[in-house]
Colleague: 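Sharing a structure below in C-alpha cells format, with a few things to ask.
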Amino acid sequence: VFQSSNLYDGLASLVSRLLRPIWYKPAVVVTEGRTVQIRRQFGENKATFPAKVELLLDDGTLEVVRAPLATLQALMKDVFAPAVDDIPGAKRNQNGSAIGSSTSMDVDNGTGSSYDNGDQHLITRAMQYQSRALPRNQTAGQQNNDKDLEAKARLTEERNLHSLYRLVSRTSQLLTLMSHIRRAHETPELPEVEWGLVHGLTYCQLATTRSGQDRIETLLTNLVSAGEEMHDNFDGSASSSSTVEADNLSALLSKQCYLYFSAGSRLTYQGFRAASAALSYPPSTPRRVALANRAG
C-alpha cells in the first residue's frame, strides 16, 4: 500500500492551513437593484436603488493570504523542479515536452479519471490524493520487485507534488487577479466590470473548476476589449484613454495572472471583432483595408 512521504503530508497540511480562511468564501456578492415605492403627502414616488457589489475580502486581506502562498510557490519550484516543471510520467512529444503540459496549468476537466487513464489535470483532489493513492490490484501471478515498487511510489509522490504546486500557483494568481479587478472597477476609463459572471462563486470554484475559469476569462476579455468599440476620432484614429487603460490592464494581467488571462486571449478577440467591423464597410475602402489588416 502506497503511503505518501512526511514531506508531502507536511506541505499539504501547510497549504490547507493557508487556504482555509478563504477557500469556501464567495469572492463577490451582487445584490440586484430594486425599485421601491415611497409614499409622500401628495402622492407616491418610486425610488430605484442600483445593484450593490460587495467584495468580501479587501486588498489588505488578499495580500496577507497571497504572500505566503507566493513564497511557498517559489520554494516548491526551486526545490521540486523536476516534479513541477512537467507532468511526471506523462507521455512526451518528439521535442521532449510532456503531452498536455502547458504553462496555463489547466483546471480539472471533470472526467473523474486518473492520470493512468489520461487525465493530466488533477487539482481539486491534490489535498486528499495521498489517502486514495492505492496501487491497482495486480493480475494473478504477477509480482513487482522492490525496484518497481519504489519507482511507482516515487512517480506517485511527484504527481502529488505537481498537483499541489498547480493548486498553489492558481490560487496565488487568483488573489492577485481579484485585486486588479477591484482597481479596474474603480477606474472610470474602463467599462463596467460584469460582476454578475462570478457572483456567489467561491475561491475554490474559481481556482479549481472549468466553469469558474470560463467565467473569469469572459469577464476579463469583456473588460479589456469593450473599451475599444471602434469609436473613431475625426482623423480616423481610435480613441484614447479607455484604450490605453485597457492595454495597460491587459499587459498587467498577462504578466501576473497568465493562468487566467493570456495575451493571446485578448489578441484573438480583437482580431475577430476587427474582422467583423471590416465587413460593415464597402469593399476596397481604406477603412475596410485598415480593419482587415488589424484583424490579421
Side-chain angles (χ1 to χ4, degrees), residues 4-28 55-88 101-108 120-131 157-184 198 201-217 219-220 249 251-262:
S4 55
S5 68
N6 292 334
L7 174 62
Y8 174 79
D9 288 342
L11 286 171
S13 297
L14 174 59
V15 173
S16 176
R17 287 178 179 272
L18 291 175
L19 297 182
R20 187 179 302 164
I22 66 162
W23 199 232
Y24 293 110
K25 288 184 179 294
V28 181
L55 282 75
L56 300 187
L57 300 180
D58 58 25
D59 283 346
T61 304
L62 291 174
E63 182 58 23
V64 166
V65 178
R66 189 202 68 82
L69 285 173
T71 302
L72 179 60
Q73 177 187 350
L75 182 146
M76 293 184 69
K77 187 170 182 62
D78 181 50
V79 177
F80 307 112
V84 304
D85 288 344
D86 289 310
I87 301 171
S101 175
S102 72
T103 56
S104 64
M105 294 189 181
D106 295 338
V107 298
D108 286 358
Q120 300 160 350
H121 309 302
L122 297 178
I123 291 181
T124 57
R125 287 171 287 178
M127 305 301 292
Q128 70 261 25
Y129 184 75
Q130 71 274 17
S131 65
E157 181 86 353
E158 290 182 348
R159 285 175 172 174
N160 291 347
L161 287 169
H162 183 84
S163 296
L164 191 62
Y165 177 79
R166 287 189 174 202
L167 179 66
V168 171
S169 301
R170 288 186 60 83
T171 306
S172 176
Q173 290 198 20
L174 175 62
L175 297 174
T176 301
L177 175 65
M178 294 306 299
S179 293
H180 290 325
I181 298 178
R182 178 196 293 271
R183 296 188 187 100
V198 293
L201 294 182
T202 64
Y203 282 93
C204 173
Q205 291 172 313
L206 292 174
T208 65
T209 65
R210 172 58 60 186
S211 62
Q213 174 80 18
D214 292 342
R215 285 170 178 263
I216 289 178
E217 288 180 355
L219 183 153
L220 295 177
L249 179 61
L252 191 63
L253 293 175
S254 61
K255 182 179 180 181
Q256 298 184 3
C257 309
Y258 55 84
L259 299 181
Y260 295 92
F261 183 84
S262 66

Colleague: Under a 4.5 Å cut-off applied to non-hydrogen side-chain atoms, are Tyr8 and Leu164 in contact?
Modeller: yes
Colleague: Could you check if a side-chain atom of Leu174 sits within less than 4.5 angstrom of a side-chain atom of Leu259, using non-hydrogen atoms only?
Modeller: no
Colleague: Establish, from distance only, whether the side-chain atoms of Glu157 and Ser5 form a donor-acceptor pair under 3.5 Å.
Modeller: yes
Colleague: Do the non-hydrogen side-chain atoms of Leu249 and Arg183 ever get within less than 4.5 Å of each other?
Modeller: no
Colleague: Please tell me whether Asp58 and Thr61 have a donor and an acceptor in their side chains that are separated by less than 3.5 angstrom.
Modeller: yes
Colleague: Say whether, by atom type as modelled, one donor and one acceptor occur between the side chain of Tyr260 and the main chain of Arg170 under 3.5 angstrom.
Modeller: yes
Colleague: Kindly compute the distance separating CG (Leu177) from OG (Ser172), expressed to the nearest 0.5 Å.
Modeller: 11.0 Å
Colleague: For residues Arg215 and Leu201, determine if any side-chain heavy atom of one lies less than 4.5 Å from a side-chain heavy atom of the other.
Modeller: yes
Colleague: Can you find a pair of side-chain heavy atoms, one from Leu11 and one from Phe80, that are under 4.5 Å apart?
Modeller: yes
Colleague: For the backbone of Thr202 and the side chain of Gln205, can you confirm whether one donor and one acceptor N or O come within less than 3.5 Å of each other?
Modeller: yes
Colleague: So does Ala12 get a backbone contact from the side chain of Ser16, meaning a donor-acceptor N/O pair under 3.5 Å?
Modeller: no
Colleague: Do Met76 and Gln73 make a side-chain contact, defined as non-hydrogen atoms from C-beta onward lying under 4.5 Å apart?
Modeller: no
Colleague: Where the side chain of Thr171 meets the backbone of Val168, is there a donor-acceptor pair that is under 3.5 Å apart?
Modeller: no
Colleague: Please check: side-chain N/O of Ser262 versus main-chain N/O of Tyr258, any donor-acceptor pairing under 3.5 Å?
Modeller: no
